[in-house]
Amino acid sequence: MTQIERAEGDASGKVILFGEHAVVYGSPAIAAGIERGAHASATRFVGGPSILRIGDRELVADPSGEDDLSRAFHALLDMSPTLPAMRVEASSGLPAGGGLGSSAALGVAIARAAQALVGADDNLALARSAAWERVFHGNPSGIDATAAARGGIFRYSRIDGASPLHPAKDIVLCVGWTGEPSSTREMVEYVASRKAKEPQLIQRSIDAIATIVNNAALAIEAGEHAALGELMNMNQLVLSGLMVSTSELEDLCAVAREHGALGAKLTGGGGGGSSIALVAPAFTEDGAHDQMREAENADRIVVAWRRANPRYDGFVVRIYADKPAKYSEGEAP
Ligand code: PMV
């Protein structure tokens, strides 16, 4: 095996602020890339099959491999134009099954490193990562891969693709981890099975979520954070009705609200994974963000989560008003 080149790729994790599950059925959703994400480095070599190493797992790209990872890696490399044999090392700073888009971030980071290795530009990375994502869950809406590739805060639908939102103020969220990983595939299949049995009932929930998303986009761009928090609570109620919440997710939301959050909901597929809580903004007398008081507001929530249950944990994410997403309007994977 002759090592001839090396290239790197990075991608963001994401939080879905509004609209998970409904987005699978063409409804809009709002998501934002977060700083935590995934990294990959690719090394080309001659004379061997492509190998992926993540942590202490090492797999060969194989279309009929038993492991999802080995089929996903094959799908990513095999998409036309097929990429040459390579060895890829990847790592994610996001909990697997945490509802924070870990698998899409890995897919985009690996696709970026692989594309860079052959000197191709970034534009196929999103499509390659979509091929990767389809192995893990049969019917991804594409919102995770879009956030992983683009960052920023955006509105997304399968029909219209992504368009950036322009928050009037920074949005500070606490991300709470239940300690229970969940399978997005199972949760999406569960909602699909309920929709097959009770199409009108589930469609009403999807329509309610679409209304919440449309109002949330307005609240974000108007800087109406009290309204935004209420809309998060409403979205959580509808998700609970879809039976994708758990007692731990409900507990994280309740604890956050008791400790000053303006609203809280699960994020991602549910059934475990993570929640988000909207931190009350604080301002100095001259109208600037009082980042110190905001940090205190956020800490109060994360500390309360850790006290409520030793399995819970949390971290803080800031979505900046003045950092636009890096993509053009309407672009879809
Ligand atoms: O669990 P996550 O982080 O992969 O988020 C899934 C979001 C869903 O709307 C439930 C599925 C999808 O493909 O959009």
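Throughout, numbering of the chain's residues begins at 1 and tracks the sequence. Atoms within each ligand, like the ligands themselves, are counted from 1 in listed order.
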Just jot down the ligand 1 atoms closer than 4.0 angstrom to any heavy atom of [X], in number order.
X	value
Gly99	1 (O), 3 (O)
Val23	9 (O), 14 (O)
Thr184	1 (O), 2 (P), 4 (O), 6 (C)
Asp144	2 (P), 3 (O), 4 (O), 5 (O)
Pro140	13 (O)
Ile143	14 (O)

Please say whether [X] places an N or O atom under 3.5 Å from an N or O atom belonging to ligand 1.
X	result
Gly269	yes
Glu20	no
Lys14	yes
Ile16	no

Item to check | Within reach of ligand 1, part of Leu100 (heavy-atom separation under 4.0 Å) | outcome: backbone

Checklist entry - Which part of Met187 is near ligand 1, with near meaning a heavy atom under 4.0 Å away: side chain, backbone, both or neither? => result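 For Met187, there is no contact with ligand 1 at all, from either part.
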
For the pair [X] and [Y], find out whether any cationic side-chain nitrogen is under 4.0 Å from an anionic carboxylate oxygen.
X	Y	result
Glu20	Lys265	yes
Arg185	Glu189	yes
Glu58	Arg87	yes
Asp313	Arg306	yes
Glu66	Arg71	no
Arg155	Asp160	no
Glu294	Arg318	yes

Checklist entry - Considering only heavy atoms, which of Ser183, Ala145, Ser141 lies nearest to atom 12 (C) of ligand 1? => result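 The residue whose heavy atom sits nearest atom 12 (C) of ligand 1 is Ser141.
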
Checklist entry - Taking the side chain as C-beta and beyond, is there a heavy-atom pair between Arg307 and Tyr312 under 4.5 Å? => result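 Contact flag for Arg307/Tyr312 side chains = no.
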
Checklist entry - Is there a side-chain contact between Met79 and Leu124, using heavy atoms and a 4.5 Å cut-off? => result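 Side chain of Met79 against side chain of Leu124, heavy atoms only: contact under 4.5 Å found.
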
Checklist entry - Strictly under 4.0 Å, does any heavy atom of Glu133 approach an atom of ligand 1? => result no

Item to check | atom 5 (O) of ligand 1: the protein heavy-atom neighbour that sits closest, reported with distance to 0.1 Å | outcome: Gly268 CA, 3.4 Å

Checklist entry - Nearest protein heavy-atom contact for atom 9 (O) of ligand 1: which residue, which atom, what distance? => result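 Looking at atom 9 (O) of ligand 1, the protein heavy atom closest to it is His21 N, 2.9 Å.
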
Checklist entry - Would Leu83 and Val135 show up in the same hydrophobic cluster when neighbours are defined by side-chain heavy atoms closer than 4.5 Å? => result no

